[in-house]
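Notes follow the structure.
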Amino acid sequence: MQLRTVLRTLIIIFTAASLSGQQPPERLRRADSFLGLHFDFHAGATDTLIGKNVTSDMVQSLIDRVHPDFIQVDCKGHPGYSSYPTTVGNRVPRFISDPLLTWRQVTARNGVALYTHYSGVIDANACATHPAWAVIDNNGAANHQTTSVFGPYADSLLIPQLEELASRYDIDGAWVDGENWGTLPDYGDRAVKLFQEKTGISSIPKKADDPHWFEWLQFHRQAFRDYLTHYMSSVHEHFPHFQIASNWAYSSFMPEEITAPVNFISGDYTPLDAVNKARLEARVMAQ
């Protein structure tokens, strides 16, 4: 009861300060946060009413009821369409309002950090619009939704859009989805050539029982690490306070020494056996 009384008192103080015209409380960094909310939308080409139900009153009511340290909202899902009026990415055809602006204005006023859900490696629109950005499978076909970490996707879209979120909206950071679990071996010319140059192996394996399959996968694992380091370092160079996590990086999906400049470690999981999965991942991440 004493803790609840203290929390209520702090909320009253913060609210009074906001109403009196004082500066809103400083937003917590993700590492210092305890409770957050995540909204995962994955906008598509047929969505035309985005922003209709996102109002200042709705967001304020949510904050008043839950008192989160941070909120995470969608800005680009796996289909590759942005659910806010981006100037550098592929936006949905029509908006009722700019929902990201509303979320930012209200969360900032309340001292609540705002992060965006951003689909990284998986981007169906980018693959459709720029087939050369897509992963090539072992039969020479371009993937319909997975981009290659060897291609220009990061420099041409991912980095510019994260920087737009930081500069135009003052977003606190991004939770980048569809990454290590979405990355695939790439049989495109650039990847094959780099593999041959780095390893001296000329024969490219196509299945697990082919010679040098292990070396082929290790080559791609390192390419993914390099991809993470590149885009995170590029964004941090201009926006050092923009906090980035790659979904499931350095969890049981990727249990290794942290080498990329991630700001926090995070992952989502399905409801199936979720409690036990959370117990396992918490122990892995705590290391």
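Residue indices begin at 1 and follow the sequence shown. Model, not experiment: these values are computed from the prediction.
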Least distance between heavy atoms, [X] atom then [Y] atom:
X	Y	answer
Ile50	Pro99	CG2-CG, 3.8 Å
Asp172	Ala113	OD2-CA, 3.4 Å
Ala260	Met232	CB-SD, 4.5 Å
Glu163	His238	OE2-ND1, 3.1 Å
Gly89	Leu157	CA-CD1, 3.7 Å
Phe95	Pro85	CZ-N, 3.6 Å

May I ask whether [X] and [Y] are part of the same hydrophobic cluster, defined by side-chain heavy atoms of I, L, V, M, F, W, Y residues being less than 4.5 angstrom apart, directly or through others?
X	Y	value
Ile96	Tyr169	no
Phe34	Met285	yes
Val262	Leu165	yes
Leu100	Tyr81	no
Leu101	Leu49	no

[X] and [Y]: side chain donor to acceptor below 3.5 Å:
X	Y	result
His236	Asn263	yes
Ser56	Gln105	no
Ser119	Glu179	no
Tyr227	Gln222	no
Glu281	Ser252	yes

Quick check for you: to the nearest 0.5 Å, what is the distance between [X] atom [atom1] and [Y] atom [atom2]?
X	Y	atom1	atom2	value
Thr147	Leu158	OG1	CG	8.5 Å
Ile71	Leu62	CD1	CG	5.0 Å
Asp137	Tyr187	CG	OH	9.0 Å
Ser246	Asp177	OG	CG	9.0 Å
Gln60	Thr55	CD	OG1	10.5 Å
Ile136	Phe150	CD1	CZ	12.5 Å

- Where do Val149 and Asp226 land on the side chain to side chain contact (heavy atoms under 4.5 Å, CB included) test, with the steps shown first? CA-CA 9 Å; Val149 297; Asp226 294 342; over 6 Å; no
- Any residue meeting side chain to side chain contact (heavy atoms under 4.5 Å, CB included) with Asp74, in chain and number order, not counting sequence neighbours: Phe41, Ser83, His117
- Item | Sequence-distant partners of Arg283, side chain to side chain contact (heavy atoms under 4.5 Å, CB included), two or more places apart | Arg279
Given a cutoff of under 4.5 Å between side-chain heavy atoms of I, L, V, M, F, W and Y, with clusters grown through shared members, what are the other residues clustered with [X]?
X	answer
Val284	Leu280
Tyr115	Phe70, Trp175, Phe264
Val135	Leu184

- Should Arg27 and Asp170 be marked as a salt bridge (Lys or Arg N to Asp or Glu O under 4.0 Å) after you check the CA-CA gap, both sets of side-chain angles, and the distance that decides it? CA-CA 12 Å; Arg27 303 192 293 265; Asp170 188 31; 3.1 Å; yes
- Item | Summary of side chain to side chain donor-acceptor pair (under 3.5 Å) pairs that have at least one residue in residues 203-213, sequence neighbours excluded | Lys207-Asp210
- What's the verdict on side chain to side chain contact (heavy atoms under 4.5 Å, CB included) for Asp98 and Thr102, showing C-alpha distance, side-chain angles and the deciding distance? CA-CA 7 Å; Asp98 184 346; Thr102 301; 5.9 Å; no
- Would you sort out whether His38 and Asp268 count as a side-chain hydrogen bond (donor to acceptor under 3.5 Å, both in side chains), showing the intermediate values? CA-CA 10 Å; His38 172 89; Asp268 60 343; 5.9 Å; no
Answer yes or no: is there a side-chain heavy-atom contact under 4.5 Å between [X] and [Y]?
X	Y	value
Asp40	His42	yes
Thr48	Val92	no
Trp133	Pro152	yes
Lys193	Arg190	no
Val176	Asn247	no
Phe219	Leu194	yes

For [Y], does its backbone N or O pair with a side-chain atom of [X] as donor and acceptor, under 3.5 Å?
X	Y	value
Ser33	Leu35	no
Gln145	Pro79	no
Asp69	Leu28	no
Thr107	Arg104	yes
Thr229	Arg225	yes
Ser61	Met58	no

- Angle class for the His220/Trp216 ring planes (parallel below 30°, perpendicular above 60°, tilted otherwise)? perpendicular
- Item | Residues Ile63, Val106; criterion side chain to side chain contact (heavy atoms under 4.5 Å, CB included); working and verdict | CA-CA 9 Å; Ile63 292 172; Val106 181; 4.1 Å; yes
- Task: Please test Gln72 against Thr116 for side-chain hydrogen bond (donor to acceptor under 3.5 Å, both in side chains), starting from the C-alpha separation and ending with a verdict.
- Result: CA-CA 5 Å; Gln72 213 159 260; Thr116 51; over 6 Å; no
- Message: Can you confirm whether more than 12 heavy atoms, excluding those of Asp273, are under 6.0 Å from its CG atom?
- Response: yes
- Above 12 or not: heavy atoms from other molecules or residues under 6.0 Å from CD of Glu256? yes
- Worked verdict on Val73 versus Tyr84 for side chain to side chain contact (heavy atoms under 4.5 Å, CB included): CA-CA 11 Å; Val73 297; Tyr84 73 98; over 6 Å; no
- Can you list the steps and then say if Asp123 with Lys76 is a salt bridge (Lys or Arg N to Asp or Glu O under 4.0 Å)? CA-CA 9 Å; Asp123 188 317; Lys76 180 172 81 76; 2.6 Å; yes
